[in-house]
Amino acid sequence: MKRTVFRNRWLPYALVAPQLVVTIVFFFWPAFDSLRLSLYRASPFGDRLIFIGSGNFARLLGDPAYFRSVATSFAFSLVVTFVGLALALLLASLANARIRGLAVYRTLLLWPYGIAPAVAGVIWLFVFHPSFGVLPYVLSFVTAYQFNWFLKGWVALTLIVVAAIWKQFGYNLAFYLAGLQAIPGSVLEAASVDGADPIRKFFAITFPLLSPVTFFLFTLNMTFSFFDTFGLVHAVTQGGPGDATSILVYRAWKDGFDGLQLGYSAAQSVILMLLVVALTAVQFRYAEKKVTY
Amino acid sequence: MAIGGHVTGAEVVASADLARGVPVTRAPRVTDWRGPIAHAILIASVVVLAFPLYYAFVISTQTLSEVTSLPPKLVPSTHMLENYADAWTRAKMGRLLLNSAIVALAVAFGKIVISLLSAFAIVYFNFRGKQIVFWMIFITLMLPVPVRIVSTYQVVSVLGWVDTYWGLTVPLMASATGTFLFRQYYQTIPDSLAEAAQLDGAGPLRFLWSILLPLSTANIAALFVILFVYGWNDYLWPLMVTNSPEMRTAVIGIDSLIPRTSQLPEWNVAMAAAMMVLLPPVAVIVLMQRWFVKGLIESEK
């Protein structure tokens, strides 16, 4: 804690005022309003709100489509995060050597972070395009199966997973590479002297020492794939075909803005909030127990 | 941006090394295979990452008949200028890009200014209610915008800010990432600096302007890159808060150019628009790379 050195009766309030006003108006007010709205539904003409207590939540919990969205969201985020990180770690481990030009490689790896998820989606949409895309064309030599994401849910899901991993992959690799290069060679040499083989060395030494990097990348990738992929889904698949790619944020938006079911959408927001709070708690516990710094 | 987290700069030792950007130029002393393998893997990764962008660029230079021909043509063609001009006029790209630039810059500068000020108050003053203010600001780290979409829209609509630049930008500033970053940084600045300033008769604002601000440039640059990219690329909020085509941002505006099933497959025009939209944030990252890595680490703390 810093020794406070300035004295002024009103200045500190003036300094925090802009941030505080923005926080109250655009954070606390909407958050509490979501809580309140989740207990109402709009009247048939949409002109007033009718109190229905826990009705929206009961409806959500009885809706198989909502549970499909929960499953889709978690499967999507976990696959994007785990596949993305595992692949990055594997390649970084194989590429971990003292070589020239690392700064150049880093530049060539980091740029996709700047591409909007929606734009990444549009590019991959064409790569996957059933009639003109290069990927279905190449695959047509291997199999007669039609990789048409307009019709097949799992192809659509694969499309957005690939686009999301693509966007994140470069900096995952760059961070893992930097993490590996920071591990002192003497530690690994000592293990070699003790007769540990490369795979044992990796799991006993390298992976635990990398845990801060893994934890950092895990948080970043989970947040990204849970929330920031809305644009990807909206621009590319619109949740379909069917509801194969309706992630939770997309469903909350669709019910609220397309369907104008404000209370129903607010109830989904409330569940999302609880989910985020729970995940944050889990994350803190995990951080305290497992991560070696 | 972050849900929360425990990782601090010192702890991500490795990433700090990345931030410093020290190129390792020592060649291997013993001839072994690790060097060539490393180059091969990195080159392969770079090529695979770049391919979709290259493909999109190639498509943006082709004629409609080339786009729809099989096998796909993977070399640039002659129609680049026509396609870009077509995209520019059809989607009114000038206006869209201007809107995106205004939003990205306003979000970046607005958030930097309000968080510089509030962090200064929290670190350098003692005032009644400081703890409450502190927690009110930092709890926002927990809940990103998408979890309170409908209600935030209603607040903006009550204020009459729908379809305005105010509505597009100010709600995106309600997050503590910047405040947190500057607070961390101010706490590492020696007390003696502020004491010396006081002895010289400098008031708090003078100290902030002449000493703290120049010391914070690296942090400001780091935050700028992250926020610019965030503001430019954000999709959900501008989609909700704008109705008229004139107020749309670029990432949303190009939606109208994506050929749907029943339309002429003018992917060349759509890709030309995509290239124009992705260029500014990618350029900011490449040109300000050092601060980008710093910002990525610091804003996630």
Side-chain angles (χ1 to χ4, degrees), chain A residues 2-6 12 15-16 18-19 22-23 26-27 29-31 33-34 91 94-95 97-100 102-103 105 108 111 114-116 118-119 122-123 126-127 132 134 137 170 175 178-179 182 212-213 215-216 219 223 227 230-231 235 249 253 256 262 265-266 269 272-273 280 287 293, chain B residues 3-7 11-15 17-18 23-26 34-35 38 41-42 46 49 52 56 68 72 114 117-118 120-121 123-127 133 137 140 143-144 146-148 150-152 155 171 173-174 187 191 194 204 229 233 235-236 251 255 267 274 277-278 281-282 285-286:
Chain A
K2 189 177 273 290
R3 257 182 303 153
T4 308
V5 283
F6 289 107
L15 291 169
V16 293
Q19 170 114 48
V22 169
T23 305
F26 297 106
F27 182 84
W29 182 4
D33 206 43
S34 284
L91 293 182
L94 293 173
R98 303 263 164 210
I99 53 171
R100 284 170 190 276
L102 275 177
Y105 285 123
L108 294 174
W111 62 267
I115 295 183
V119 176
V122 171
I123 292 175
F126 189 73
V127 174
F132 321 118
V134 68
Y137 176 76
F175 272 80
V213 183
F215 187 70
F216 164 75
T219 310
T223 316
F227 298 112
F230 172 84
V249 176
W253 171 82
L262 298 185
S265 174
S269 288
L272 265 177
M273 282 189 219
T280 310
Y293 290 121
Chain B
I3 298 181
H6 254 187
V7 190
E11 286 151 358
V12 186
V13 185
S15 313
D17 190 49
L18 184 83
V24 183
T25 46
R26 186 151 50 89
R34 282 184 305 176
I41 286 172
L42 290 174
V46 164
L49 277 185
T68 55
I114 64 173
L117 297 179
S118 61
F120 178 58
V123 174
Y124 281 94
F125 288 89
N126 254 333
F127 54 95
V133 168
I137 291 173
T140 60
L143 299 175
V147 306
R148 47 197 150 86
V150 176
S151 306
T152 311
V155 168
M173 298 175 197
Q187 284 180 334
D191 274 349
V229 173
N233 287 345
Y235 193 97
L236 177 57
V251 279
D255 204 48
W267 281 95
V277 176
L278 66 82
V282 168
I285 284 187
V286 171

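Predicted model, so just to flag it, every value in this text is computed and none were measured. Lettering of chains follows the sequences in order, A, B, ..., and the numbering in each one begins at 1.
Shown here are the side-chain contact (heavy atoms from CB on, under 4.5 Å) partners of B:A56, two or more places apart in sequence or in another chain: A:I123, B:M271, B:M275. Applying the side-chain contact (heavy atoms from CB on, under 4.5 Å) test to A:L108 and every residue at least two apart in sequence or in another chain returns A:V104, B:V46.
Contact check for B:Y235 versus A:V119: no side-chain heavy atoms found under the 4.5 Å cut-off.
Proximity to chain A involves both the backbone and the side chain of B:L42, based on heavy atoms less than 4.5 angstrom apart. For chain A, the nearby parts of B:V150 are the backbone and the side chain; heavy atoms of each come within less than 4.5 Å. Heavy-atom distances place the side chain of A:Y137, and not its backbone, under 4.5 Å from chain B. With a 4.5 Å cut-off on non-hydrogen atoms, B:I41 touches chain A through its side chain but not through its backbone.
Residues A:P30 and B:T152 come closest through the heavy atom pair CB-OG1, 3.5 Å. Pairing each heavy atom of A:S34 with each of B:S151, the nearest pair is OG-OG, 2.7 Å.
No other option in B:L278, B:I285, B:V251, B:V286 has as many heavy-atom pairs under 4.5 Å with chain A as B:I285. Counting heavy-atom pairs under 4.5 Å between each of A:A116, A:A31, A:A97 and chain B puts A:A116 at the top.
The line from CH2 of A:W111 to CG of B:L49 is 6.5 Å long, rounded to the nearest 0.5 Å. Taken to the nearest 0.5 Å, the CG atom of A:L15 stands 8.5 Å off from the CZ atom of B:F127.
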